[in-house]
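Below you'll find the structure, written out as structure tokens, and then a few comments.
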Amino acid sequence: MTLKNSIVLITGASSGIGRSCAVKFAEAGARVILAARRKNILEDLARELKSRYGTEALISVLDVRDHAAVERAVDSLAPEWRAVDVLVNNAGLSRGLDKLHEGKREDWEEMIDTNVKGLLYVSRAIIPGMVQRGKGTIINIGSIAGHEVYPRGNVYCATKHAVDALTKGLRMDLIDTPLRVCTVDPGLVETEFSIVRFRGDSERAKAVYQNVKALEPDDVAEAVLFCASRPPHVQIAEIIVFPTAQASAAMVHRKTP
Ligand code: NDP
Ligand code: 8X3
């Protein structure tokens, strides 16, 4: 299915997997709506996409945790941007790696509000239009943490298990429509994810990717693009992508330096 001139809304487009998705969709000729909180980064990305691919890109400075802001952002889309063809629900984060009984309430709330409620708010605002138009692909970025739990992953893993349940539930609820619901669930990807998780502790973040060739954001974005570009009768339900040196959430082979 060609993506040329299709409208693709990507949450969390300012970094990592979301940014790579924006580049891949732009390369494929799509028009992109770039949503995240960091305006300057989105502006730079929009400029880059315009100069590299001639892409029409719209910036949406948005905190997905704010349901009123999400509704306003979608309601205020100009008519030529309204008919979103592909929604990539990517915005997400992890905070901390603590034992549950020692965890911080504010970390739990940020993860649940972003990864679960944020995804719900954006989906609720965008999907009715897709249903009305009889066309649309929703691609959630889950995680291997949505299939397996790892020590100290407790709440982050719970949010990604919730994303898995929401993906499956949504697919059932849309069964009588032409809409498609997909999930791309990566293992270890080197992005800002660990810097965010460890609140700027770059040494600790670097250690996560030490002595292992992690996935690059482009590797995941290619899987997302694959889901979106299948013929209309093909629905890729789920793709799990690991680095070659990973076999489960907690089993990563690190080369001895
Ligand atoms: P990054 O930290 O590099 O990117 C996260 C993106 O989410 C940023 O663009 C950030 O933008 C955005 N974001 C975070 N909170 C909000 C918010 N409240 N409102 C709007 N946007 C928000 O991490 P990744 O690219 O790795 O993460 C992307 C997704 O992939 C997440 O859902 C993550 O859980 C998932 N994932 C990551 C893996 C990994 O190993 N890296 C593996 C499996 C899944 P801004 O700060 O500008 O708002
Ligand atoms: C991010 C990957 O394994 O750190 O979802 O949870 S992991």
Side-chain angles (χ1 to χ4, degrees), residues 9-23 33-45 59-67 69-70 73 88-97 107 109-122 139-164 166-167 183-200 204-205 207-209 212 214-221 223-224 239-243 245-252:
L9 168 56
I10 302 159
T11 67
S14 61
S15 171
I17 295 167
R19 188 186 194 286
S20 280
C21 287
V23 174
I33 305 175
L34 310 171
R37 292 165 300 179
R38 287 172 291 176
K39 186 175 179 210
N40 292 349
I41 298 185
L42 294 180
E43 283 173 345
D44 289 348
L45 177 58
I59 282 169
S60 180
V61 180
L62 186 62
D63 186 331
V64 296
R65 293 171 298 176
D66 181 342
H67 69 87
V70 170
V88 183
N89 271 320
N90 163 76
L93 83 183
S94 173
R95 288 292 197 193
L97 195 60
D107 287 349
E109 282 170 0
E110 193 175 359
M111 289 187 274
I112 293 167
D113 288 350
T114 310
N115 302 359
V116 183
K117 291 164 77 179
L119 180 143
L120 281 170
Y121 298 155
V122 176
I139 305 166
N140 292 336
I141 306 301
S143 171
I144 189 57
H147 300 270
E148 298 172 46
V149 179
Y150 53 85
R152 297 171 186 257
N154 45 66
V155 176
Y156 177 71
C157 295
T159 66
K160 290 298 182 177
H161 275 68
V163 171
D164 185 53
L166 295 173
T167 303
T183 184
V184 174
D185 299 348
L188 209 59
V189 194
E190 190 158 1
T191 63
E192 291 178 10
F193 180 84
S194 294
I195 296 196
V196 172
R197 172 171 248 174
F198 300 127
R199 294 191 182 276
R204 200 169 169 201
V208 174
Y209 311 107
V212 63
L215 294 171
E216 293 169 13
D218 276 0
D219 300 322
V220 181
V224 173
I239 300 182
I240 296 179
V241 196
F242 277 144
Q246 182 168 18
S248 72
M251 189 175 178
V252 175

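Please read all numbers here as calculations on a predicted model, not as lab measurements. One-based numbering, in listed order, for ligands and for the atoms of each. We count residues from 1, following the sequence as given.
Of the candidates D113, I41, D63, D63 brings a heavy atom nearest to atom 18 (N) of ligand 1. Compare V208, L34, V189 by their heavy atoms: the one nearest to atom 38 (C) of ligand 1 is in V189. Summarising the contacts of atom 5 (C) of ligand 1 with G16, G92, G12, the nearest heavy atom is found in G92. Distances from atom 35 (C) of ligand 1 to the heavy atoms of V220, D66, L45, I141 show the closest one on I141. Closest heavy-atom approach to atom 29 (C) of ligand 1 within the set N90, N115, V122: this belongs to N90.
Of all protein heavy atoms, the one lying nearest to atom 6 (O) of ligand 2 is Y150 OH, 2.6 Å. Annotation: atom 2 (C) of ligand 2 to nearest protein heavy atom, S143 OG, 3.8 Å. In terms of protein heavy-atom proximity, atom 20 (C) of ligand 1 is closest to L62 O, 3.2 Å. Scanning the protein heavy atoms around atom 44 (C) of ligand 1, the nearest turns out to be G142 O, 3.1 Å. With hydrogens left out, the protein atom closest to atom 17 (C) of ligand 1 is R37 NE, 3.6 Å, a heavy atom. Protein heavy atom in closest approach to atom 19 (N) of ligand 1: V64 N, 3.0 Å. Given atom 21 (N) of ligand 1, the protein heavy atom at minimum distance is A91 CB, 3.6 Å.
Remark: R38 engages E192 in a salt bridge, criterion side-chain N to carboxylate O under 4.0 Å.
Residue contact annotation: T11 has no non-hydrogen atom under 4.0 Å from ligand 1. Put simply, part of K160 is less than 4.0 Å from ligand 1, judged by heavy atoms. The shell of residues lying under 4.0 angstrom from ligand 1, judged by heavy atoms, includes P186.
For the pair I17 and ligand 1, the shortest N or O to N or O distance falls below 3.5 Å. Checking only distances, A36 never comes within under 3.5 Å of ligand 1, N or O to N or O.
Residue contacts with ligand 1, taken as heavy atom pairs separated by less than 4.0 Å, involve T114 solely via side-chain atoms from C-beta onward.
Donor-acceptor pairing under 3.5 Å is recorded for the side chains of D185 and H147.
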